[in-house]
There are 2 protein chains.
Amino acid sequence: MDDVLADAASRFIEYADIRFGRKIRPVDLHNRTWADVAGTTPEVIRSWLFEEGFFRGMKVIPDSQEVVARLCEKYEVFIVSAATEFPNSLKEKLEWLNEHFPFISWTHTVFCGHKYMIQADYLIDDHEKNLIRFPGKPVLFTAHHNLHLNHYTRVNNWREVAEMFL
Amino acid sequence: MDDVLADAASRFIEYADIRFGRKIRPVDLHNRTWADVAGTTPEVIRSWLFEEGFFRGMKVIPDSQEVVARLCEKYEVFIVSAATEFPNSLKEKLEWLNEHFPFISWTHTVFCGHKYMIQADYLIDDHEKNLIRFPGKPVLFTAHHNLHLNHYTRVNNWREVAEMFL
């Protein structure tokens with residue numbers, strides 16, 4: 001979900017502005033940690049992820065709704081989010097999906113920690129830790145934090161996902 | 001979780017007593033629906049599952065803590081709970097696991113709808129709908145609602161799980 005369907009980076013930029021008055025541009029995030037860019041500690045950033053509303057208020061990544069809806073016509077699509085680390089996020093993520101991806105049923109929503117027990121043909125994900133042990137075909141979705149990776153099939157946006165799968 | 005680690009049946013009996021003054025014995029539940037036993041509608045029973053506290057207050061199934069802890073020494077154990085249908089249950093189930101199974105990490109906790117995308121060698125579950133499409137070896141954990149099933153390897157309690165796997 002985060003940085004693939006939900007715009008986590010923009011949410012971070014918003015919080016850094018509200019909390020620290022820092023004006024951060026998306027390009028500032030390239031291959032740097034949020035804590036580094038915001039001039040704070042990883043613990044402070046991490047605490048945001050436990051705050052009520054952090055996940056619920058995320059914007060939708062462009063074109064994801066339309067493309068996921070079209071993928072659902074051709075494939076069986078599961079949303080698999082590494083979310084169990086953040087107890088508050090679970091209900092918010094369900095509500096967020098219900099609002100923005102109402103065509104994704106609870107039957108096809110998975111909240112987990114590790115993703116390597118997921119069995120599927122493809123995994124579209126922004127984190128190498130999720131892709132590296134995936135038994136199917138991994139597809140890297142471009143995010144600020146993964147620009148340095150060059151050994152995965154990469155999609156830069158949802159239009160490219162559509163080109164690859166539709 | 002429900003009826004395997006967490007005693008959902010006892011929780012139901014408790015609610016039926018509090019809400020309707022019905023005194024239900026566990027044996028009354030054999031192969032009957034909760035609504036039928038409580039003399040109410042499926043919708044009323046279903047509404048309980050959306051209530052705050054319903055999941056959080058469940059008792060632990062006898063011997064499950066000790067046996068799961070021992071399983072964790074020999075196997076990689078994931079807790080996979082069909083929970084995304086009930087938004088309130090998610091945080092409660094995490095808290096419940098943290099309290100009663102603190103040795104199960106969030107990394108090995110999965111909340112889903114369907115379970116058939118889970119890749120594992122074994123699945124210990126009380127519902128045929130989860131076992132029937134599981135690609136590994138299914139193991140039926142005895143519950144009031146599955147006594148009529150006779151084509152699965154069955155364990156009647158956690159001592160039998162220990163015998164089978166340890």
Side-chain angles (χ1 to χ4, degrees), chain A residues 1 46 49-56 72 75-99 101-125 127 129-130 132-136 138, chain B residues 1 46 49-56 72 75-99 101-125 127 129-130 132-136 138:
Chain A
M1 288 181 70
R46 200 177 146 73
L49 308 185
F50 287 86
E51 283 184 25
E52 205 170 306
F54 185 81
F55 291 95
R56 187 65 184 88
C72 285
Y75 301 89
E76 183 172 16
V77 176
F78 284 88
I79 306 297
V80 180
S81 183
T84 48
E85 188 175 3
F86 308 107
N88 280 334
S89 78
L90 299 168
K91 192 177 180 185
E92 293 189 16
K93 285 188 170 208
L94 262 190
E95 290 173 353
W96 190 94
L97 281 174
N98 285 342
E99 179 184 346
F101 294 81
F103 47 87
I104 297 286
S105 160
W106 60 265
T107 59
H108 286 68
T109 302
V110 182
F111 297 133
C112 56
H114 290 321
K115 293 189 182 179
Y116 57 76
M117 90 304 297
I118 298 295
Q119 181 177 247
D121 297 310
Y122 303 94
L123 175 63
I124 303 171
D125 204 288
H127 280 291
K129 67 180 176 191
N130 295 326
I132 202 163
R133 290 182 64 181
F134 177 64
Chain B
M1 288 180 70
R46 199 175 148 75
L49 308 184
F50 286 86
E51 283 185 26
E52 205 169 305
F54 186 82
F55 291 95
R56 188 66 184 87
C72 285
Y75 300 90
E76 183 172 17
V77 176
F78 284 88
I79 307 297
V80 180
S81 183
T84 48
E85 187 175 1
F86 308 106
N88 280 334
S89 77
L90 299 168
K91 192 177 180 184
E92 293 190 16
K93 286 188 170 208
L94 262 190
E95 290 173 353
W96 190 92
L97 281 174
N98 285 342
E99 180 184 345
F101 293 80
F103 47 87
I104 296 287
S105 160
W106 60 266
T107 59
H108 286 67
T109 303
V110 183
F111 296 134
C112 55
H114 290 321
K115 293 189 183 178
Y116 57 77
M117 91 304 295
I118 297 297
Q119 181 176 246
D121 297 311
Y122 302 95
L123 174 63
I124 303 171
D125 204 288
H127 280 292
K129 66 181 176 191
N130 295 326
I132 202 164
R133 290 182 64 181
F134 177 63

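In what follows, every heavy atom counts, from backbone to side chain, and hydrogens, waters and symmetry copies are set aside. Here is how names work: the chains are called A, B, and so on, in the same order as the sequence lines, proteins then strands, and each is numbered from 1.
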Measure distances from B:E76 to the heavy atoms of chain A and classify the residue's part below 4.5 Å as side chain, backbone, both or neither. side chain

Which residues from residues 111-119 of chain A are near chain B, with near meaning under 4.5 Å between non-hydrogen atoms? A:F111, A:C112, A:G113, A:H114, A:Y116, A:M117, A:I118, A:Q119

I need the B:T84 OG1 to A:I79 CD1 distance, nearest 0.5 Å. 12.0 Å

Nearest 0.5 Å, please: how far is CD in A:E85 from CG in B:L94? 11.0 Å

Proximity of residues 86-93 of chain A to chain B, residues having a non-hydrogen atom under 4.5 angstrom: A:P87, A:N88, A:L90, A:K91

